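Note that the coordinates shown come from a computational prediction; the quantities given were computed from them, not determined experimentally.
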Amino acid sequence: MNTAQDVVRCDLCTDVVQHYCKSCHVNLCGNCRNKHNDKNTLTKHEIVPFTSQHLKQEYKVQKCEDHPKQEKDLYCQDCNVPICSRCLTGNHKRHGAVDLEEICKITRNSVTEDLKELYHFEREYSKIVKDMERMVISYKDHCDKENGSLKKLGQVWHKIIDNAIKKIENQLADMIKQDLQILQDNVEKIQSSYQRVKQCIERNEYILKEENSFQVLDYKSDVEELRLVPSRKEVSPPTLIFPDTRKETIIEQIVSLRSSFQSSLPDITITKTGDVSMVSTRVLVENPALISVMFTYSKKLKGIRCESDDKVWIYGDDEKIRQLDKSGSTLQCFNAVSGNSQKDIALSKDGHIAFSHKVNECIYLVKKNGFEKYVDMAGWIPYGLMFNSDGELMVCMRRNDYTESKVGFFTKGKFNQEFQFDETGKPLFSISRNNMYICENGNGDICVSDWNACAVISMKKSGEFRFRYTGNRSCSFKEFYPHGIATDSYCRILVVDRDNNCVHVTDRNGKFLRYITCGLEDPFVLSLDENENLWVGECDNNCIKIIKYLE
């Protein structure tokens, strides 16, 4: 509202407001109330009559401690604190800053999105708890039947086998007790996580109801931690075995007991839509190990893509694209388009190699009968490439006058969409001539290493900015200049740090986990094979080092 006399309008149309959704913080008219419910079926909506207390509050202003006459109207993305405009010339010089009110709105939106996911988790955990409880009942029913069969057998053989039956009864009872304890532990473990989800929902709902806009900046999301459902043990109940029984047989042949067996179920993850899928549980080894070194005889190794655990595609400044085996022997070799302008290579699901060409401003596809121009990018220079899980070719692009940078998506050579700016209208990527590399993470995120920005930029599949990783500042390394980038089955991000001769490993949210060194010298690009061994291409040494970094 601009003045006290203005009429409050519906957020979805221009009609006068009648209702207020406390879950989504949206003003609604009578007509839009049902539309809002129908369109957002995954959210539990609490719609109440609109009152003056639901008027959207202006963000409260705080004075800057360092510049008392200035208001805090910006947010430093490097230090994660509110600042004023004068701070950009002092302690926060050269730091990334965005509008404070805008970042508050974005963070509140993030809380809202997390709340929606938590509702998904609540339903999924509830299903799992009920399944576990049904398993306990089923287990008890099965064991009751087995006990009944055992008692009938004892009546047939009377006192001759009473002692043997009693012994097996005790064994069965012990197994049941142990198995029931395991199953009950499963229920309690999942129930604990289920309760935590509900607590997070209450916390997020409380945050969204709070009027003080700055409290939301302290919010720490638990969604990624709760996305991984705790591991559980599967118990198969013991089963009695009844062989053919005749008077002349000995007691041990009358009946025996097959023990129950336990196995660990794979961990699962809950997707944005609430779907459940298996997820890798491989963890980082304490000390990564160098498995082998391959000499490629390529000049200035600039690109690498693993095809399997024993085949790899490479290219360098010698204008040749080679397929090598693990010994370094050449299996296939193509003379690339001349001009020493290749920037990156990508491998499609059907085994075709694509490579970017700087001078010709296009993407070529390698086929049996030669090269085919796959994408014409007139006016733009292609850099990093990768085919995503949908078969789209993702391309890092810089305008040929180096005034813009973006990521483009192409299907069968045709342009689909592009990512260039964040929600505030600021460019996502730096403007320069230097390299950019790209990969898709298992959670759908798009990760771009931007050499000139000294950062890895992560975006959601929709293009929404997620985070920016600028290296591990706790170490006294040189400036972080990222090159090749990849992700593993646990959604960890691996990126080459050429100047510091190492590979950085972060989690899916950009949290630093560790360095991988293993004697790397001038690392430039990397790739993962089918067994998730890390292949690192060294530019000046023209060799590939294969490293085991997962258990």
Side-chain angles (χ1 to χ4, degrees), residues 1-61 98-127 197-217 219 221 223 270-275 416-425 444 459-466:
M1 292 198 312
N2 297 322
T3 69
Q5 288 75 33
D6 286 341
V7 175
V8 182
R9 302 288 181 179
C10 173
D11 288 341
L12 305 183
C13 68
T14 59
D15 289 349
V16 177
V17 65
Q18 297 179 24
H19 307 284
Y20 180 77
C21 180
K22 297 176 70 175
S23 304
C24 304
H25 300 281
V26 173
N27 297 335
L28 301 168
C29 66
N31 292 330
C32 291
R33 174 178 178 169
N34 292 335
K35 294 180 182 177
H36 181 68
N37 268 325
D38 294 341
K39 187 175 181 180
N40 303 281
T41 56
L42 297 179
T43 302
K44 293 181 178 178
H45 298 283
E46 184 180 357
I47 297 178
V48 297
F50 181 85
T51 65
S52 59
Q53 68 179 5
H54 297 134
L55 292 174
K56 295 182 179 178
Q57 300 294 316
E58 296 294 329
Y59 285 89
K60 296 179 181 179
V61 175
V98 295
D99 182 77
L100 180 60
E101 182 176 336
E102 188 65 30
I103 197 66
C104 285
K105 291 179 180 178
I106 292 172
T107 306
R108 287 181 67 87
N109 288 338
S110 177
V111 174
T112 301
E113 289 299 316
D114 281 0
L115 183 58
K116 292 178 181 178
E117 285 214 75
L118 288 166
Y119 286 139
H120 286 312
F121 296 173
E122 180 184 32
R123 288 191 290 273
E124 197 58 46
Y125 274 99
S126 175
K127 293 177 185 176
V197 170
K198 297 182 72 173
Q199 291 171 1
C200 289
I201 290 173
E202 292 178 1
R203 179 197 61 187
N204 284 25
E205 289 174 340
Y206 174 79
I207 290 174
L208 294 175
K209 293 175 184 177
E210 274 294 301
E211 297 297 335
N212 186 346
S213 62
F214 292 107
Q215 285 189 355
V216 74
L217 298 177
Y219 172 72
S221 175
V223 165
I270 306 172
T271 67
K272 288 277 187 182
T273 58
D275 296 333
N416 276 349
Q417 61 175 331
E418 63 183 34
F419 300 154
Q420 188 171 4
F421 304 101
D422 64 16
E423 293 81 359
T424 65
M459 302 159 287
K460 294 182 180 179
K461 195 170 185 178
S462 62
E464 179 184 345
F465 173 78
R466 281 205 66 223

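Residue Cys10 comes nearest to Cys29 through the heavy atom pair SG-N, 3.4 Å, listed as atom of the first residue, atom of the second, then distance. Here the shortest heavy-atom pairing between His36 and Cys21 reads NE2-SG, 3.6 Å.
For the atom pair Ile103 CD1 and Glu423 CD, the distance stands at 8.5 Å (nearest 0.5 Å). Annotation: the span from Leu118 atom CG to Gln199 atom CD amounts to 11.5 Å, rounded to 0.5 Å. One finds the CG atom of Leu28 at 10.0 Å from the OH atom of Tyr20 (value rounded to the nearest 0.5 Å). Atom CD of Glu122 and atom SG of Cys200 lie 11.5 Å apart (nearest 0.5 Å). How far CG of Asn27 is from CG of Asp15: 12.5 Å, rounded to the nearest 0.5 Å. Atoms CG and CZ, from Leu217 and Arg108 in turn, are 10.5 Å apart once rounded to the nearest 0.5 Å.
For the pair Lys105 and Glu101, the salt-bridge criterion is met [side-chain N within less than 4.0 Å of a carboxylate O].
Heavy atoms of other residues, nucleotides or ligands lying less than 6.0 angstrom from CG of Asn31 number 12 at most.
Remark: Phe419 pairs with Phe409 by the ring pair (Phe, Tyr, Trp, His ring centres under 6.0 Å) rule, at least two apart or across chains. Qualifying side-chain hydrogen bond (donor to acceptor under 3.5 Å, both in side chains) partners for Glu464, counting only residues two or more places apart in sequence or in other chains: none. Take Arg9 and apply the side-chain contact (heavy atoms from CB on, under 4.5 Å) test, not counting sequence neighbours, and it matches Val7, Val16.
With contacts defined as side-chain heavy-atom distances shorter than 4.5 Å, the pair Phe121/Ile201 does not qualify. By the 4.5 Å heavy-atom criterion applied to side chains, Tyr219 and Asn204 are counted as neighbours.
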**Study point:** Chi angles and distances behind the side-chain contact (heavy atoms from CB on, under 4.5 Å) call for Thr424, Phe465
**Key:** CA-CA 10 Å; Thr424 65; Phe465 173 78; over 6 Å; no
